[in-house]
Amino acid sequence: RVRTAILISGAGSNMAALIEASRAADAPFEVAVVISNKPDASGLTVAAALDVPVMAVDHRLFGKDREAHERAIDAVLMDHGVEVVALAGYMRLLTPWLVGRWNGLMLNIHPSLLPKYPGLDTHARALAAGDEEAGCTVHLVDEGVDEGPVLDQEAVPVLPFDTPETLAQRVLTAEHRLYPRALAAFCRGLH
Ligand code: GAR
């Protein structure tokens with residue numbers, strides 16, 4: 001099974017969905033380690049409760065040196081024999097150095113139907129545009145922001161009276177189906 005690391009910054013609900021999926025008998029990936037750039041991310045507590053190794057690599061300890069922070073993360077990835085990296089609500093921009101090291105082996109989930117709405121505030125932007133559907137995308141990470149090749153997407157309807165919060169919740173529920181499916185398909189394709 002493909003040894004996968006999950007990088008988080010927050011609640012880690014996508015991370016939890018991936019960990020649960022990794023425990024299916026036929027799962028093609030296992031979760032080798034969960035890493036957060038925020039030591040107080042609640043997702044770390046969730047992962048530890050699920051018996052997954054966790055590590056915080058606090059970006060604040062590295063000042064403005066983004067690459068030094070990433071080298072520390074990369075050392076953790078090496079220590080755990082990681083083969084694939086899944087970003088799941090990891091809210092730091094990556095430097096070309098880390099992206100290059102994991103070229104073709106790093107996935108991200110983004111809460112929009114890319115190429116629509118890269119970046120932040122995706123749900124407010126979809127509502128402001130009057131879109132009839134929203135959704136989420138799993139893509140390979142390249143040097144652009146939310147720009148790499150799309151692996152899979154799932155759409156959800158925008159409903160009357162949606163707010164960014166109600167739409168975000170509907171998209172997040174779709175993310176929890178999409179990410180395990182997309183990561184499993186990706187890992188099956190590696191062999
Ligand atoms: C998810 O909606 C994810 O798509 C989004 O953050 C949320 C994390 O939730 N990611 C981004 O916006 C990346 N720029 P989670 O921590 O509960 O998985």
Side-chain angles (χ1 to χ4, degrees), residues 4-22 29 31 33-50 52 54-59 66 69-70 73 84-95 98-99 102 106-129 131 133-158 162-184 186:
T4 302
I6 305 175
L7 269 56
I8 65 168
S9 299
S13 70
N14 278 290
M15 169 210 79
L18 292 174
I19 293 170
E20 190 192 335
S22 77
F29 61 90
V31 180
V33 63
V34 169
I35 304 172
S36 174
N37 65 300
K38 292 196 174 182
D40 59 352
S42 60
L44 285 177
T45 312
V46 173
L50 293 169
V52 174
V54 297
M55 194 70 75
V57 183
D58 188 347
H59 62 275
R66 286 177 175 271
H69 175 237
E70 291 177 350
I73 289 175
V84 165
V85 177
L87 307 181
Y90 185 72
M91 301 308 277
R92 304 270 307 164
L93 296 176
L94 301 178
T95 74
L98 193 69
V99 172
W102 291 92
M106 182 182 277
L107 284 63
N108 181 44
I109 188 157
H110 182 76
S112 77
L113 296 172
L114 291 172
K116 276 192 162 182
Y117 314 127
L120 299 176
D121 298 323
T122 54
H123 307 300
R125 290 153 71 198
L127 291 175
D131 292 355
E133 62 174 19
C136 44
T137 302
V138 171
H139 65 94
L140 286 173
V141 175
D142 70 9
E143 288 190 18
V145 176
D146 303 323
E147 275 188 357
V150 170
L151 297 177
D152 201 358
Q153 295 185 305
E154 187 164 325
V156 303
V158 175
D162 259 338
T163 64
E165 292 72 28
T166 60
L167 181 56
Q169 187 54 55
R170 191 174 313 115
V171 171
L172 192 61
T173 301
E175 292 183 45
H176 299 160
R177 292 187 293 266
L178 174 67
Y179 212 171
R181 176 172 91 225
L183 180 62
F186 178 79

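Read the numbers this way: they start at 1 and go in the same order the structure lists the ligands and their atoms. Remember, predicted model here, so these are calculated numbers, not experimental data. The figures here come from the full heavy-atom set of this structure, side chains too, leaving out hydrogens, waters and symmetry mates.
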Within-cut-off N or O pair, [X] and ligand 1, under 3.5 Å:
X	value
N14	yes
N108	no
D146	no

### Message
Taking the side chain as everything from C-beta on, heavy atoms only, tell me whether S22 gets closer than 4.5 Å to T4.
### Response
no

### Query
For atom 16 (O) of ligand 1, which candidate among G43, G10, G12, S9 provides the closest heavy atom?
G12

Would you mind checking which non-hydrogen protein atom is closest to [atom], with the distance to 0.1 Å?
atom	answer
atom 5 (C) of ligand 1	P111 CD, 3.9 Å
atom 8 (C) of ligand 1	G89 CA, 3.7 Å
atom 2 (O) of ligand 1	E175 OE2, 2.8 Å
atom 15 (P) of ligand 1	S13 N, 3.4 Å
atom 13 (C) of ligand 1	M91 SD, 3.8 Å

### Message
Between T137 (side chain only) and L114 (backbone N and O only), is there a donor and an acceptor less than 3.5 Å apart?
### Response
yes

### Query
Would you say I109 touches ligand 1, if touching means a heavy atom closer than 4.0 Å?
yes

### Message
Using 0.5 Å steps for rounding, measure from the CG atom of L113 to the CD atom of Q153.
### Response
5.5 Å

### Query
Roughly how far apart are D152 CG and R181 CZ, rounded to 0.5 Å?
4.5 Å

Among [options], find the residue that satisfies the side-chain contact (heavy atoms from CB on, under 4.5 Å) test when tested with [X].
X	options	result
H123	L167, L172, T163	L167
H110	L87, V150, T122	T122
H139	I109, D146, L107	D146

### Task
Using salt bridge (Lys or Arg N to Asp or Glu O under 4.0 Å) as the criterion, list what pairs up with D121, not counting sequence neighbours.
none

## Note on the structure
ligand 1 atoms nearer than 4.0 angstrom to some heavy atom of L172 are 1 (C), 2 (O)

